[in-house]
Amino acid sequence: MEGRVGHVTRTASYGAIDPSIRNEKITWSVIMSSIVAASCGLIFGYDLGISGGVTTMPPFLEKFFPSVLKKKEDATQSTYCVYDSQILTLFTSSLYLSGLVSSLLASRVTKVFGRKFAILFGGCTFLVGSIVNCTAPNVVLLILGRILLGFGVGFTNQAAPVYIAEMAPPKYRGAFNTGFQLFIAIGVLCANIINFLSSGLGNWGWRLSLGLAAAPAAIVLLGALLVTDTPSSLVERGKLPEARDALLKVRGANSDIETELSELVEACETAREVDQISFKTIFKKQYRPHLVIAGGIPFFQQLTGINTIAFYAPVLFNSVGFGNDSALKGTILLGLVNVGSIAASMFMVDKFGRRALFIEGGIQMFICQVGLASILGATLGLSGKGEITKAAGSVILVLMCLYAAGFGWSWGPLCFLVPTEVCPAKIRPIGQSVSIAVHFTVTFILSQTFLSQLCHFKYTVFLFYAGWIVIMTTFVVCLLPETKGVPLESMHTIWQQHWLWKKLTAQPTTMLQTIST
């Protein structure tokens, strides 16, 4: 049964717009706006790549972490434990601690001032942090710069995926949102190349690597100044004329936007009538499924071990017998594989769905982690004083590339896509903040402890992550409904059809029941 309210066609049982009347056209405005928002991934990716690279540069270690350099030169030191330093890992992980704090603040800023403002603020803060890092004369200022970088990343990581999800047509939302992870991978690759080129410049090398973080920040700032905020955000803040203009711009000059605009207005009005949205809203029973998925996906993503490998790939390659230049070259190769796999994901995510990519990627990463543990155990042993042959080193590199590919078309981009899809409009900024906060919390813990884990667990650290991959794949199979092609405002229907979540989510009141015709 269907009912018509004004210009909006809805199903009486779910209150969702009829997909047949939606405008799925891709315009240049949608493409450019999504590219600008996705470019926020550049600053996150650049930092991921640059921080691990500079920590292998002897001039950097000599200035800030001389004890690590001494251990590196000590022939009797276990290969696994050369870089085990809490101060060194704090240099990397401090960014994620500040990112955790800023991501929680960002949900309120995004709601009150808009997605565009949050992106601009994040870009400015990251730019200042890059300058402080580049000119730091001591460890204190070095870590202060990292904290400023973290504030920038926290705001952009919270706002950009929401911006893209609200701008993109539902049919292509997966591909557009994957662009954010693609830019992260491009940022990592650029950082790896810069590290390789600057590693021979002495004291200027690490300063150049850290200072060039200002470049992606400037790209984000300039791009954000040229685009409009999302229609959803403008409606939410009571700017209806601007929302109409923005919607007309992104959907095309000759498009009938009244259906979509009416739905946005009604969704926002309904949210205002229900209650004043606070952060604790997402913890209510009816939002339990959204909270579990929005928090569970980024939690498990970090336990794939990917960011620890991204942070410390040069260090890891050094630790298992590669030379410094060879380690940086291997990291560049990993970056290229990651970019390619994420680009492939853009074409697969809306064809095969989210669940299929999650499951395939999990299986592939599990096999690679077990393979890495087996080879390192057979060559280095528990003592870490064995020798890796050239053939074994080549296999390690191949396995890491396959691992990066599996992550690149599954848990990498989907971690930023799925949490923005599953939450309704009233809690979407809060849900994204929870997602990013969990992401940064787990990243901070793992980045602060990974080198210590490598020292104490030896090669079994990879079996530790392999075990988590089994758990997270089971989580997806049992608890994640498919979101492919479902309009954001109709997303509540997937919970009502799920074997477990339908017991917690009551069927929403229809628009026909709440709006008198």
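Scanning both residues, Ser345 and Pro413, for their nearest heavy atoms gives OG-CG, 3.6 Å. Across every non-hydrogen atom of Tyr403 and Gly305, the tightest pair is OH-C, 3.3 Å. Heavy-atom minimum distance, Lys171 versus Asp350: O-CG, 3.5 Å. Across all non-hydrogen atoms, the minimal contact from Thr304 to Met365 is CG2-CE, 3.8 Å. Here the closest non-hydrogen pair linking Ser233 and Gly114 is OG-CA, 3.4 Å.
Note that CG of Asn192 is 10.0 Å distant from CG of Leu48, once rounded to the nearest 0.5 Å. One finds the OG atom of Ser107 at 11.5 Å from the CD1 atom of Ile427 (value rounded to the nearest 0.5 Å). Ser130 OG to Tyr46 OH: the interatomic distance, rounded to the nearest 0.5 Å, is 9.0 Å.
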Exercise for review: Give the C-alpha distance, both sets of side-chain angles, the deciding distance and a yes or no for side-chain contact (heavy atoms from CB on, under 4.5 Å) between Leu334 and Val188.
Suggested key: CA-CA 10 Å; Leu334 281 181; Val188 171; over 6 Å; no

Practice item. Would you please test Phe475 and Leu480 for side-chain contact (heavy atoms from CB on, under 4.5 Å) and show each step? Key: CA-CA 7 Å; Phe475 172 87; Leu480 180 67; 5.5 Å; no

Check your understanding: Do Ser435 and Ile297 pass the side-chain contact (heavy atoms from CB on, under 4.5 Å) test, and can you show the C-alpha distance, the side-chain angles, and the key distance before you say yes or no?
Key -> CA-CA 8 Å; Ser435 178; Ile297 294 294; over 6 Å; no

Check your understanding: When you look at Met472 and Val476, which way does the side-chain contact (heavy atoms from CB on, under 4.5 Å) test go after all the steps?
Key -> CA-CA 6 Å; Met472 67 185 68; Val476 168; 5.9 Å; no

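Annotation: side chain of Met491 is in contact with side chain of Thr483 (closest heavy-atom distance under 4.5 Å).
Contacts classified as side-chain hydrogen bond (donor to acceptor under 3.5 Å, both in side chains) and involving residues 238-247 (residues at least two apart or in different chains) are given here: Arg244-Glu258. Among residue pairs with one or both ends in residues 105-134, those qualifying as ring pair (Phe, Tyr, Trp, His ring centres under 6.0 Å) are Phe113-Phe117, Phe121-Phe155; sequence neighbours excluded.
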Give every donor-acceptor pair under 3.5 Å between a side-chain atom in residues 156-168 and any protein atom, sequence neighbours left out.
residue, atom, partner, partner atom, Å
Thr156, OG1, Gly152, O, 3.0
Thr156, OG1, Val153, O, 3.2
Gln158, OE1, Thr110, OG1, 2.7
Gln158, NE2, Pro429, O, 3.0
Gln158, NE2, Ser433, OG, 3.4
Tyr163, OH, Thr228, O, 2.6
Glu166, OE1, Arg115, NE, 3.1
Glu166, OE1, Arg115, NH2, 3.4
Glu166, OE1, Thr230, OG1, 2.8
Glu166, OE2, Arg115, NH2, 2.7
Glu166, OE2, Arg428, NH1, 3.3

Would you mind writing out the side-chain donor-acceptor pairs for residues 29-38 within the sub-3.5 Å range, not counting sequence neighbours?
residue, atom, partner, partner atom, Å
Ser33, OG, Ser29, O, 2.9
Ser34, OG, Val30, O, 2.8

Could you tabulate the donor-acceptor pairs under 3.5 Å formed by side-chain atoms of residues 143-151, not counting sequence neighbours?
residue, atom, partner, partner atom, Å
Arg146, NE, Phe91, O, 2.6
Arg146, NH1, Asp47, OD1, 2.4
Arg146, NH1, Asp47, OD2, 3.4
Arg146, NH2, Asp47, OD2, 3.3
Arg146, NH2, Thr92, O, 2.9

Could you list the donor-acceptor pairs under 3.5 angstrom formed by side chains in residues 209-224, with sequence neighbours left out?
residue, atom, partner, partner atom, Å
Ser209, OG, Asn195, OD1, 3.1
Ser209, OG, Ser198, OG, 2.8
Ser209, OG, Gly205, O, 3.3

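With sequence neighbours excluded, the residues forming a side chain to side chain donor-acceptor pair (under 3.5 Å) with Trp409 are Glu360, listed by chain and number. For Gln432, the side chain to side chain donor-acceptor pair (under 3.5 Å) test picks out no residue, with sequence neighbours left out. For Phe180, the ring-ring contact (aromatic ring centres under 6.0 Å, His included) criterion is met by Phe416, not counting sequence neighbours. Applying the side chain to side chain contact (heavy atoms under 4.5 Å, CB included) rule to Thr473 yields the partners Ile359, Ile469; only residues at least two apart in sequence or on another chain are considered. Listed by chain and number, the residues in a ring-ring contact (aromatic ring centres under 6.0 Å, His included) with Trp411 are Phe358 (sequence neighbours excluded). Remark: Leu189 engages Ile193, Ile332, Leu336, Val339 in a side chain to side chain contact (heavy atoms under 4.5 Å, CB included) (not counting sequence neighbours).
The pair Asp229-Arg237 meets the salt-bridge criterion, with a side-chain N (NZ, NE, NH1 or NH2) lying under 4.0 Å from an Asp/Glu carboxylate O.
Using a distance-only test at 3.5 Å, with no hydrogens or angles considered, a donor-acceptor pair links the side chain of Trp499 to the main chain of Cys478. Distance alone, capped at 3.5 Å, is enough to place a donor-acceptor pair between the Lys484 side chain and the Lys351 backbone. The backbone N or O of Gly485 lies less than 3.5 Å from no partner atom in the side chain of Arg173, so there is not a single donor-acceptor pair. A distance-only check finds no donor-acceptor pair linking the side chain of Arg354 to the backbone of Leu414 [under 3.5 Å].
Residue His290 forms a ring-ring contact (aromatic ring centres under 6.0 Å, His included) with just one option from Trp501, Trp495, Phe283, and that option is Trp495.
Note on ring orientation: taking the six-membered ring where Trp is involved, the planes of His439 and Phe44 are perpendicular (angle over 60°, cut-offs 30° and 60°).
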